[in-house]
Amino acid sequence: MKFIKLLLVSSGLIILDQVSKWWIVGHIALGDVRPFIPGVLSLTYLQNRGAAFSILQNQQWFFALMTIVVIGFAIVYYLRAKKMPILKEFALILIISGGIGNFSDRLRLGYVVDMIHLDFMNFAIFNLADSYLSLGVLMLVLILWKED
């Protein structure tokens with residue numbers, strides 16, 4: 001049952017991430033910026049060959065290894081845990097989905113498609129998979145902190 005839940009929810013999140021990237025690549029030229037919610041959010045198309053915030057550019061072997069380790073650990077932890085609070089399950093599913101979403105870009109394209117630009121602050125351009133990862137890690141840290 002846990003495996004089915006992981007498979008269904010994660011697949012849905014990964015599909016949403018990949019469809020959003022496919023749409024951006026098909027509708028916005030590389031480097032162009034288009035307002036989406038004026039003053040709040042714009043859409044753009046960037047190719048990120050690094051990690052979060054574009055650090056460690058062109059280190060694909062490092063990202064592949066780290067992604068496999070993190071996703072593998074998260075899946076094993078998720079499946080082996082006897083009973084887990086729903087928020088902890090969701091945090092792990094977000095981490096797994098985000099990792100797979102960006103990993104599939106790196107495998108297919110050699111870079112990650114980024115597209116979300118926050119207009120109201122100076123922040124890195126990111127994608128849905130990045131959002132899944134960030135939210136999942138934050139949730140997991142808070143949950144583990146509360147457990148201890």
Side-chain angles (χ1 to χ4, degrees), residues 1-34 36-37 41-118 121 123-147:
M1 182 63 184
K2 276 178 86 170
F3 179 74
I4 300 298
K5 184 191 300 185
L6 172 64
L7 189 62
L8 290 175
V9 176
S10 192
S11 294
L13 291 169
I14 293 165
I15 289 168
L16 184 60
D17 172 66
Q18 292 298 302
V19 166
S20 70
K21 292 171 180 176
W22 170 80
W23 188 89
I24 289 296
V25 170
H27 291 86
I28 298 178
L30 185 62
D32 279 359
V33 178
R34 294 198 188 155
F36 187 70
I37 302 172
L41 183 108
S42 295
L43 297 176
T44 188
Y45 168 32
L46 293 181
Q47 297 175 352
N48 182 354
R49 297 174 195 282
F53 312 112
S54 298
I55 61 171
L56 298 172
Q57 290 291 310
N58 298 311
Q59 301 296 317
Q60 300 307 324
W61 63 270
F62 175 74
F63 298 124
L65 180 63
M66 289 307 297
T67 301
I68 290 167
V69 168
V70 169
I71 291 172
F73 177 78
I75 290 171
V76 168
Y77 182 81
Y78 178 87
L79 294 175
R80 284 194 177 169
K82 301 260 187 262
K83 187 172 180 178
M84 186 182 312
I86 190 75
L87 286 177
K88 193 176 197 179
E89 276 190 70
F90 189 59
L92 288 167
I93 289 172
L94 285 171
I95 292 167
I96 293 164
S97 303
I100 292 172
N102 282 341
F103 188 63
S104 66
D105 280 10
R106 289 187 199 288
L107 286 179
R108 283 183 309 106
L109 306 169
Y111 56 85
V112 173
V113 174
D114 284 336
M115 83 279 287
I116 301 169
H117 179 263
L118 300 176
M121 65 187 292
F123 193 74
I125 296 169
F126 57 98
N127 59 46
L128 289 179
D130 295 334
S131 299
Y132 302 159
L133 281 165
S134 299
L135 181 59
V137 167
L138 177 63
M139 287 173 63
L140 192 59
V141 165
L142 292 174
I143 290 164
L144 292 174
W145 182 37
K146 186 181 175 202
E147 284 179 358

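One-based numbering along the sequence shown. Note that the structure is a prediction, hence the values are computed from the model and not measured.
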What distance separates L92 CG from L87 CG, expressed to the nearest 0.5 Å?
11.0 Å
Would you tell me whether D114 and Q47 have side-chain atoms, one donor and one acceptor, within less than 3.5 Å of each other?
no
One should read off an interatomic distance between D130 CG and N48 CG, to the nearest 0.5 angstrom, of 7.5 Å
Regarding Y78 and K5, is there a side-chain donor-to-acceptor distance under 3.5 Å anywhere?
no
First locate atom CG of D17, then atom CG of D105, and finally report the distance between them rounded to the nearest 0.5 Å.
6.5 Å
Would you name the heavy atoms of A129 and N102 that are closest together and state the gap between them?
CB-OD1, 3.4 Å
Distance (rounded to the nearest 0.5 Å) between R80 CZ and I75 CD1
12.5 Å
Heavy-atom check, side chain of Y132 versus side chain of L13, under 4.5 Å:
yes
For residues G101 and Q18, report the shortest heavy-atom separation together with the two atoms involved.
O-NE2, 3.0 Å
Exam field: side chain T67 to backbone G99, donor-acceptor pair closer than 3.5 Å
no
Should I68 and F103 count as side-chain neighbours, where that means a heavy-atom distance under 4.5 Å?
yes
Are the side chain of N127 and the backbone of V113 linked by a donor-acceptor contact shorter than 3.5 Å?
yes
Which heavy atom of G110 sits nearest a heavy atom of R49, and at what distance?
O-NH1, 3.8 Å
Tell me, with the steps shown, if S42 and R34 meet side-chain contact (heavy atoms from CB on, under 4.5 Å).
CA-CA 5 Å; S42 295; R34 294 198 188 155; over 6 Å; no
State, yes or no, whether a side-chain contact exists between M84 and F90 at a heavy-atom distance under 4.5 Å.
no
All heavy atoms of K21 vs all of V112, minimum pair found to be NZ-CG1, 4.3 Å
Would you call the rings of F126 and F123 parallel, tilted or perpendicular, where under 30° means parallel and over 60° means perpendicular?
perpendicular
Is any side-chain heavy atom of L43 closer than 4.5 Å to one of H117?
no
Is the number of heavy atoms from other residues, nucleotides or ligands within 6.0 Å of CH2 (W22) greater than 12?
no
Nearest atoms (heavy-atom pairs only) where L94 meets M139
CD1-SD, 3.9 Å
Side chains of S10 and I14: closer than 4.5 Å at any heavy-atom pair?
yes
Decide if atom CZ of R108 counts as having more than 12 heavy atoms of other residues, nucleotides or ligands within a radius under 6.0 Å.
yes
Between K2 and E89, does the salt bridge (charged side-chain N to carboxylate O under 4.0 Å, His left out) criterion hold? Intermediate values first, please.
CA-CA 9 Å; K2 276 178 86 170; E89 276 190 70; 5.8 Å; no
